[in-house]
Colleague: 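Following this message is one structure expressed as structure tokens.
All values reported here derive from a predicted model rather than from experimental measurement. Both backbone and side-chain heavy atoms feed into the values below; hydrogens, waters and symmetry mates do not. Reminder, nothing fancy here: chain letters follow the sequence lines and each chain counts from 1.
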Amino acid sequence: MQEAMINKAKQLLADGIVDRVIGWKRGEFVYDITPAIFETAEELEKDFVYDDFTAANVSKYLVKESKKEGKILAFLKPCDTYSFNQLIKEHRVVRENVYIVGIPGGPKLDAEKIKEKGITGILSVKNENYTLKIETVYGEETMPFYEAVLDKCASCKSKKHMIYDELLGEEGDVLDSNRFDMVEKLENMTAQERYDFWREQLSKCIRCNACRNVCPACTCEKCVFDNPDSGIENKAPADSFEENMFHIIRAFHVAGRCTDCGECSRVCPQNIPLHLLNRKFIKDINTFYGEYQAGEDTTSRAPLNEYKQSDCEANIVHERGAE
Amino acid sequence: MNKNLKEQVLRSCGVNVLKCMRCGKCSGTCPSYDEMEYHPHQFVYMVERGDIETLMNSKSIYKCLTCFACVDRCPRNVEPAKVVEAVRLAAIRQQGNNHMNPNQIPEMLDEDMPQQAIVTAFRKYIK
Amino acid sequence: MQRIGVFVCHCGTNIAATVDVKAVAEALGHEPGVIVSQDYQYMCSESGQNLVKNAIKEHNLTGVVVCSCSPRMHENTFRKAAASAGLNPYLVEIANIREQCSWIHKDIASATEKAIILGKAAVAKVHLNAPLTAGESPVVKRALVIGGGIAGIQTALDIAEAGFDVDIVEKQPTIGGKMAQIDKTFPTLDCAACILTPKMVEASQNEHITIHSYSEVSDVKGFVGNFTVTIKKKARFVDETKCTGCGLCTEKCPMNKVPNEFNMGFDNRSAVYIPFAQAVPKVATIDPNYCMMLKTGKCGVCSKVCSVGAIDYKQEDKLIEQKYGAIVVATGFNPINLDKYDEFAYNQCPDVVTSLELERLMNAAGPNGGTLLRPSDKTHPHKIVFVQCVGSRCDDSKGKPYCSKICCMYTAKHAMLIREKYPDTEVYVFYIDVRTPGKNFDEFYRRAVEQYNVHYIKGMVGKVTPRSDGKIDVQASDLLANEQLHIDADMVVLAAAIEPDKTARPLATMLTTQMDTNDFFTEAHPKLRPVESATAGIFLSGACQGPKDIPETVAQASAAAAKAIGLLVKNSITCNPCVAHSDELMCNGCSSCEKVCPYGAITYIDKEFKMPDRTVAIRRVASVNPAVCQGCGACTVACPSGAMDLNGFSNSQIIAEVDAICK
Amino acid sequence: MQVNENKEFQPLIVAFCCNWCSYAGADLAGTNRLNYPDNIKIIRVPCSCRVNPMFILRAFQRGADGVILCGCHPGDCHYTSGNYFTRRRMTLLFSMLDFLGIERDRTRVEWVSAAEGAKFAATMNEFTEAVKKLGPNRRLEDLRCRKQ
């Protein structure tokens, strides 16, 4: 795939269709793949990477990139196309300035999960018939591919591209995913258990803002948490309440806009399952107001910007089962 | 008025009789009208009043053809045929011990008995 | 530094009996920024107000808090007092210590404590109050009426009468609407044309009224007092200014088998046509769907016979842009399509007709010259059955949930007219309820029964079956006699439900006005503002707002005109200053706010921003029109970045109140 | 949650009331001298849709034990549609607070018209009782503020 993508990018650059390419390059470690801009064939040859660790969603970068002069080529995985569509809906990207090549998505790998197995000093990872051959400084190790899959890929919702100019590889389908299983499990706990669960998780938050910075729905020019007039400005949580508040408000601000790309949890250095908050909103929206998938199209109204006279009352929350 | 009976009928037909606006289109459309002592709109009204025994004792419940013309044409989706059916069911259920007792099942089962027959027996056995 | 004055009112004993007002004044005097804190017997009295005014002047106050009754009662009083003393009226806050404290609590200690907290919240808020000035926006002295039926005509005439220019946009080639098709009107039985056509002529001759017939509204921009509307004048292929309406072209046109919609398709017209004799404007229109010249380029007869050279096959749709101060919607109604009611055999049998069709069949200018004949064989009908409530009062899945209101009366009218003209004809009316609320309405219906011997039968028709002998079998139940009937009728007339015109919904979107689920326009308040839409400057006239008969329509039309005139006489309108505003630096241009704004007050502009690196970036940002915004604040919560805020109830003000209460 | 036996726990409750219906309803309750507890402190907002979830969280942060939001009945909003948006927003917010294990009885939305003074008083009595039962808000509070 990587080869095909480099060739496609080189061709589009050569034909003058695009001026720049957003792709990925490798950082210090093999599993450390980050988005990068390429402008020449040479740069592409040298650094362009697309492998099992290439999970980063580049849609958000296009907010800035698409406003620059010239056209940019973006390789979007199915999940990324949802984010991109949502950004079009919110007028955050200039569609005409982006040439989208749809590429097949994951499942992508989570280096943390490999490390959890005690495998460190990773030099290279190869997938051979769904067994990972891992070369480390201490010798070669193996582990089953599926045990190292990113959480967000394990509950993949769709292999279908929502928007593209051109497609590399086969088009997939929208999947029946099990993504709400964990939300449901939590819902079935008692309030105290849920409280304990979230205290344990959210108390780990170090407010590095990685979730906010990676989130394709968090594209505000200035975040309310950085704005002294908003009344909730804060740079770092001083207490447990502020730990909660940041994540509640963030989830609320992206409610109905979050495409469930799962990047927030992927980048969280503390491994807080932040996507569960977003999924809770998605699940509630689906149950209360009908199925809605943000990013599926570019025109529909977000559920929070819409209403029906027959909507349920807020006390539905109180009536749902006992504590 | 028998409140339990009314509740049972309403539950088994699932019809909201209060939706009826008394237009009589059901009776206007009913092919068995002249055969019936009580007519479709009366069924709806009498069930609403709880006057169900009268209906159960009337031959009218067996005259409904369940052609569903009334269901199709009712402007307010009241579905009178379902009400008639529910009253008929209430009458059938009360006809003595004509239900099979679950305890009786095992001795009656044999290899060839179709599953559906067992289910049906719960309703109509003995009759 | 803030210099705040606090004034605690005793309200006689209303407050002072349960709240220790002196303690409240004392406690609030220690709040930061408060430099004067007083109590007084009756703060709203003239001497009380003078106390406030003098304190403002003497201490050069920057904010005033009055602890008294509900702000719904005296907020304006104190704002005016402040203004007269030179303090911006929006720097006054009220702490409600009567309705929400002294009147509901008995214990003096806790009531006093609560009053102090409420006062502190008001002080905290007033710290953040900004002086607000009500803006003004000019009013264009011209009105637009959309729809040229009786509602639109009446509204236009009334507005013109007051001396304002008014344009009527009508999508048909002539104004007149449904009323022009009606034969007689209830309950007086006078001829509809005789009372309508003079109004049509009056409208065409009024110097203040411009009629854009065969035109549609294609775009609406702007806001109250200053709408910019694009009107599409559809090509009629006839030069309106030249055509004299002589009608020669319509006689000579070889394409003369076009179903005549004015007569509900019972006869034919030609491809070039004038809808009816009294049409206004009386100008021919070429129907491009049938004209041979336009379709194949061969014919040209009309052009040859036209002595003034008015025919222009090259004419194209034209867009006109015009500014208006007020818009009146008068898009009217249509009978519903009866396709889904098979049981009435409307599509099978030509002798089953709707009431509007019957109007044409009985009209002297109709297809039979006023003699009522069966459409199928042109024979005289001896038995006619009327069916009421066809498609009205239904479950949502079966038709319209509402009562169409006019059917009971026009059916009585039809029945009566038929019995009067043809005493040998039996008339049956099947009804569910006969609804006749209106002046002389029930008397009218009783006359049909008692004097004209119309057979009213309570019960709905179940099935209509055309028979091979030409008769129509009508099967129905007579609920009162408790029997099922079969009537062998010659004709069946269906009182079809009425619904808003199909153009109403796209129009509502353009106007950002609201509609109910049945596509009727929603009035700003069902009781108190029945002819205004919730969008300022847009008024509702006639059946577009709900089913109405002619007198109600005319009454509402005049009411809408009065409201529009009330707006047009002003040179400018004062806006509520407590409106939303967007901080451009923070706005993402995501369009969330626009989606929740009920007034369409928010638009987006592309604005240049100088970036820190000295480049210039163009960003889409929201801009609130203060003349249109009503200050609900829905946008402030929809805005994820917090760029949107509300004057008078800003995020920081409300949070200051929360903090003061929760301290 | 343990309630102090000796001294009855007095919750602090913030009520956001829309100017046109509920605030007027509260005034009517006052005019009719219908008692409700002094635990209730009302903040006036133009419309229930003005209430940002941040305000509610802020109240909890600063030590409120319950927050109630009152608006016009659906269909009666002065601004025609504000309360419909409120309803969706608050449904989702409350559901989220519940998901985080915050006692659901600490939050409520109630529709009170300008004519329903009695309903306003009854609602406030009921809500205060419900919050009293839950005891002090420990799961959502700013520890710094309590220490003072």
Colleague: For A:Glu306, is it the side chain, the backbone, both, or neither that has a heavy atom closer than 4.5 Å to a heavy atom of chain D?
Modeller: both
Colleague: So, taking the atom named CZ in D:Phe60 and the one named CD1 in A:Ile248, what distance separates them when rounded to the nearest 0.5 Å?
Modeller: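 D:Phe60 atom CZ to A:Ile248 atom CD1 measures 10.0 Å (nearest 0.5 Å).
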Colleague: Parallel, tilted or perpendicular: which fits the ring planes of A:Tyr307 and D:Tyr84, with parallel below 30° and perpendicular above 60°?
Modeller: parallel
Colleague: Search all heavy atoms of D:Trp111 against all heavy atoms of A:Glu313 and return the closest pair with its distance.
Modeller: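 Closest approach of D:Trp111 to A:Glu313, heavy atoms only: NE1-OE1, 2.6 Å.
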Colleague: Pick whichever of D:Leu97, D:Leu92, D:Leu93 has the most heavy-atom pairs under 4.5 Å with chain A.
Modeller: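 Ranked by heavy-atom pairs under 4.5 Å with chain A, first place is D:Leu92.
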Colleague: Using a 4.5 angstrom heavy-atom cutoff, name the option from D:Val109, D:Thr107, D:Asn52 with the most pairs to chain A.
Modeller: D:Thr107
Colleague: As an exercise: rank A:Asp311, A:Asn315, A:Leu304 by heavy-atom pairs under 4.5 Å with chain D and give me the winner.
Modeller: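 Answer, by heavy-atom pair count under 4.5 Å with chain D: A:Asp311.
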Colleague: Going through the distances and angles, do D:Asp98 and A:Glu187 end up as a side chain to side chain contact (heavy atoms under 4.5 Å, CB included)?
Modeller: CA-CA 9 Å; D:Asp98 177 47; A:Glu187 283 172 347; over 6 Å; no
Colleague: Quick check on A:Asp196 against chain D: is it the side chain, the backbone, both or neither that has a heavy atom closer than 4.5 Å?
Modeller: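 No part of A:Asp196 comes within 4.5 Å of chain D.
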Colleague: Under the 3.5 angstrom rule, does the side chain of D:Arg87 hit a backbone N or O of A:Lys308 as a donor-acceptor pair?
Modeller: yes
Colleague: If every non-hydrogen atom of D:Phe99 is compared with every non-hydrogen atom of A:Leu276, which pair is closest and at what distance?
Modeller: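 That closest heavy-atom pairing would be CE2-O, 3.9 Å.
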Colleague: To the nearest 0.5 Å, how far apart are CD in A:Gln309 and OG in D:Ser81?
Modeller: 10.0 Å
Colleague: Do you know which of D:Met96, D:Arg58, D:Met90 has the most heavy-atom pairs with chain A at a distance under 4.5 angstrom?
Modeller: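 Sorted descending by pairs with chain A, the first entry is D:Met96.
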Colleague: How about NZ on A:Lys185, more than 12 heavy atoms from neighbouring residues, nucleotides or ligands closer than 6.0 Å, or not?
Modeller: no
Colleague: Do you know which of D:Leu69, D:Leu57, D:Leu100, D:Thr86 has the most heavy-atom pairs with chain A at a distance under 4.5 angstrom?
Modeller: D:Leu100
Colleague: Take a 6.0 Å sphere around NZ of A:Lys160 and say whether it holds more than 12 heavy atoms from other residues, nucleotides or ligands.
Modeller: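 No, not enclosed.
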Colleague: What's the spacing between A:Ile316 CD1 and D:Thr91 OG1 if we round to 0.5 Å?
Modeller: 7.5 Å
Colleague: Does A:Asn188 have more than 12 heavy atoms from other residues, nucleotides or ligands lying within 6.0 Å of its CG?
Modeller: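 Yes, CG of A:Asn188 has more than 12 neighbouring heavy atoms, counting only those of other groups under 6.0 Å.
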